[in-house]
There are 2 protein chains.
Amino acid sequence: MSVREQYSVAIIEPSRIVSEGLSAILHDSDFRVVRQFETVDDFNQWEAALPEEKRVDIVLLNPVLLGTHPSQPLNGLFPDACSSLVAMLYSYIPPELLLEFDATIGIDDAPTTIIEKLRDAVATAAKRLDCQNIDKQELTKREKEILAYVVKGLTNKEIGEKLCISIHTVISHRKNIVHKTGIKTVSGLLMYALFNDIVTADEIPQE
Amino acid sequence: MSVREQYSVAIIEPSRIVSEGLSAILHDSDFRVVRQFETVDDFNQWEAALPEEKRVDIVLLNPVLLGTHPSQPLNGLFPDACSSLVAMLYSYIPPELLLEFDATIGIDDAPTTIIEKLRDAVATAAKRLDCQNIDKQELTKREKEILAYVVKGLTNKEIGEKLCISIHTVISHRKNIVHKTGIKTVSGLLMYALFNDIVTADEIPQE
DNA sequence: TGAAAAATACCAACAAATAGCGATTGTTTG
DNA sequence: CAAACAATCGCTATTTGTTGGTATTTTTCA
């Protein structure tokens, strides 16, 4: 995936208006919409028939299509995480469902904003690939979730209550996080979390 | 605002369904919905006529009523920030618009979740008031020195050894730092230290 | 379908941090 | 001078985190 290349985009979006609008906006950019789908199943069917190297660079997906249940379909969607996943938002989506997306586009975003966000998303995906290849050990989804709460300053007990798991489990996850990253201090973990897009700076309570 | 008090709530929400639903859910809690409005103007008119001490504890507001323009109406809404402001979300709202809210309620939140979030919101508002009253003081040179070591991940004992002072002194300094800044978590302190040029990012050990 | 990985849960002993107290010694400053 | 502040040190009690285990259930995937 070189820098000056045109990036291919697939849109999975139930609303034709939104779908067509996005296509129009991306028409004059270096993002090329190769196909539009109305359901995840349609997309999966199409994608399955594709050779590995013809996979799209970006999948623009409306999270409502995933239902309220968390990330089960997502894991199946991108086993190798070779594509960048971007959420198209115009109805309320619980924040925890958005964790696995590389970016989110709002219904009232300006065209320039949208393109900018897509650029960020491919960069994030590229970084994620690097991390997978280079990094010794990637954190699991659950571990990232725990880490996010840790650097936000919640105690183990609070995290356990929030995720409805025992404090022992939280402690176990923390042990694994420390072991995998080799980072023992909260400050170091915060830097790691910021650097790896597990949290953003504005999520850290300054009070 | 004592602990066992009933908190008064005003709802500003264009959808009657949502508005009534919230009222019903809060009916059996210690939150009392005193009035429902469909526009911000309606609310402002009502609120203006109220004596200071009769202001509601919580304003539950649908952010769509604020338009896409950022927080101008919000500042006017609560000049003294005596109330807690909670967002009612069921359509997409740009994240930056949600910064000034003490909490956000999603359309699919369970009643217990809603009540929990409202409780958090009043706590946040109370803390915000405290911060405003005890206006922030500057840290002393020694305190900054301690803070630098804290965010670098040294323990109190290590800091004491490094500076050739007792661990009790370190603890005292830390207490003063927490009290002056109002920041209790290491992550928050790191952000503070970075923001105030007490440390730089590359000084934070990522191991 | 069977093995591996991830998530879950628990224990015990120890280390570290926090809260709430007080107290002494300088230094600055109105 | 007296008051305010900074820096130092001390105590007790309690909470929270760390470390190094073991073990079960669920999920994933080849």
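Letters go in sequence order (proteins before strands), and every chain restarts at 1. If you're wondering where the values come from, they're calculated on a predicted model, not measured in any experiment.
Taking B:E116 as the reference, nothing meets the salt bridge (Lys or Arg N to Asp or Glu O under 4.0 Å) condition, with sequence neighbours excluded. The side-chain hydrogen bond (donor to acceptor under 3.5 Å, both in side chains) check on A:S29 picks up nothing, with sequence neighbours excluded. Taking the side-chain contact (heavy atoms from CB on, under 4.5 Å) definition, one finds that B:E203 meets it with B:K152, B:V199, B:T200, sequence neighbours left out. With sequence neighbours left out, the side-chain hydrogen bond (donor to acceptor under 3.5 Å, both in side chains) criterion links A:D42 to A:T39. Residues satisfying the side-chain contact (heavy atoms from CB on, under 4.5 Å) test with B:S8, not counting sequence neighbours, are B:R32, B:V34, B:V56, B:D57. B:T140 pairs by the side-chain hydrogen bond (donor to acceptor under 3.5 Å, both in side chains) definition with B:E143, not counting sequence neighbours. By the side-chain hydrogen bond (donor to acceptor under 3.5 Å, both in side chains) test, A:D109 pairs with A:K117, sequence neighbours left out. Partners of A:L22 according to the side-chain contact (heavy atoms from CB on, under 4.5 Å) rule, which considers only residues two or more places apart in sequence or in another chain, are A:I11, A:V18, A:L60, A:M88, A:I114.
For the pair A:F43/A:E38, no side-chain contact is recorded, criterion being any heavy-atom separation below 4.5 Å from C-beta on.
If you check distances only, the side chain of B:T140 never reaches the base of D:dC5 with a donor-acceptor pair under 3.5 Å.
Listed nucleotides C:dT18, D:dG17, C:dA7 differ in distance to A:H173; the shortest reach to its side chain belongs to C:dA7. Proximity note for A:K175 (side chain, C-beta onward) versus C:dA7, D:dG20, D:dA6: the nearest is D:dG20.
At a cut-off of 3.5 Å, with distance as the only test, no side-chain donor of A:D30 or A:Q6 sits close to an acceptor on the other residue.
Note that the two end axes of the helix from C:dT1-D:dA30 to C:dG30-D:dC1 enclose an angle of 60°, each drawn from 5 base pairs, rounded to 10 degrees.
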Polar-atom pairs under 3.5 Å, protein N or O versus N or O of nucleotides 27-30 of chain C: list them with distances, or write none.
none

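Atom-to-atom, CZ of A:R174 to P of D:dT16 comes out at 13 Å; the value is rounded to the nearest Å. Between A:K141 atom NZ and C:dA7 atom P there is a gap of 8 Å when expressed in whole angstrom units. Between the NE2 atom of A:H179 and the C1' atom of D:dT18 there is a distance of 14 Å, rounded to whole Å. Following rounding to the nearest Å, B:I146 (CD1) and D:dA6 (P) show an atom-to-atom distance of 14 Å. The distance between atom CZ of A:R142 and atom P of D:dT25, rounded to the nearest whole Å, is 19 Å.
Residues from residues 153-171 of chain B with heavy atoms under 4.0 angstrom of DNA chain D, sorted by number: B:I165, B:S166, B:H168, B:T169.
For B:K184 and C:dA19, the shortest distance from a side-chain N or O to OP1 or OP2 is below 4.0 Å.
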Kindly list each side-chain donor-acceptor pair under 3.5 angstrom involving residues 163-175 of chain B, sequence neighbours excluded, with atom names and distances?
{"residue": "B:S166", "atom": "OG", "partner": "B:H168", "partner atom": "N", "Å": "2.8"}
{"residue": "B:S172", "atom": "OG", "partner": "B:H168", "partner atom": "O", "Å": "3.3"}
{"residue": "B:R174", "atom": "NH1", "partner": "B:N156", "partner atom": "OD1", "Å": "2.9"}

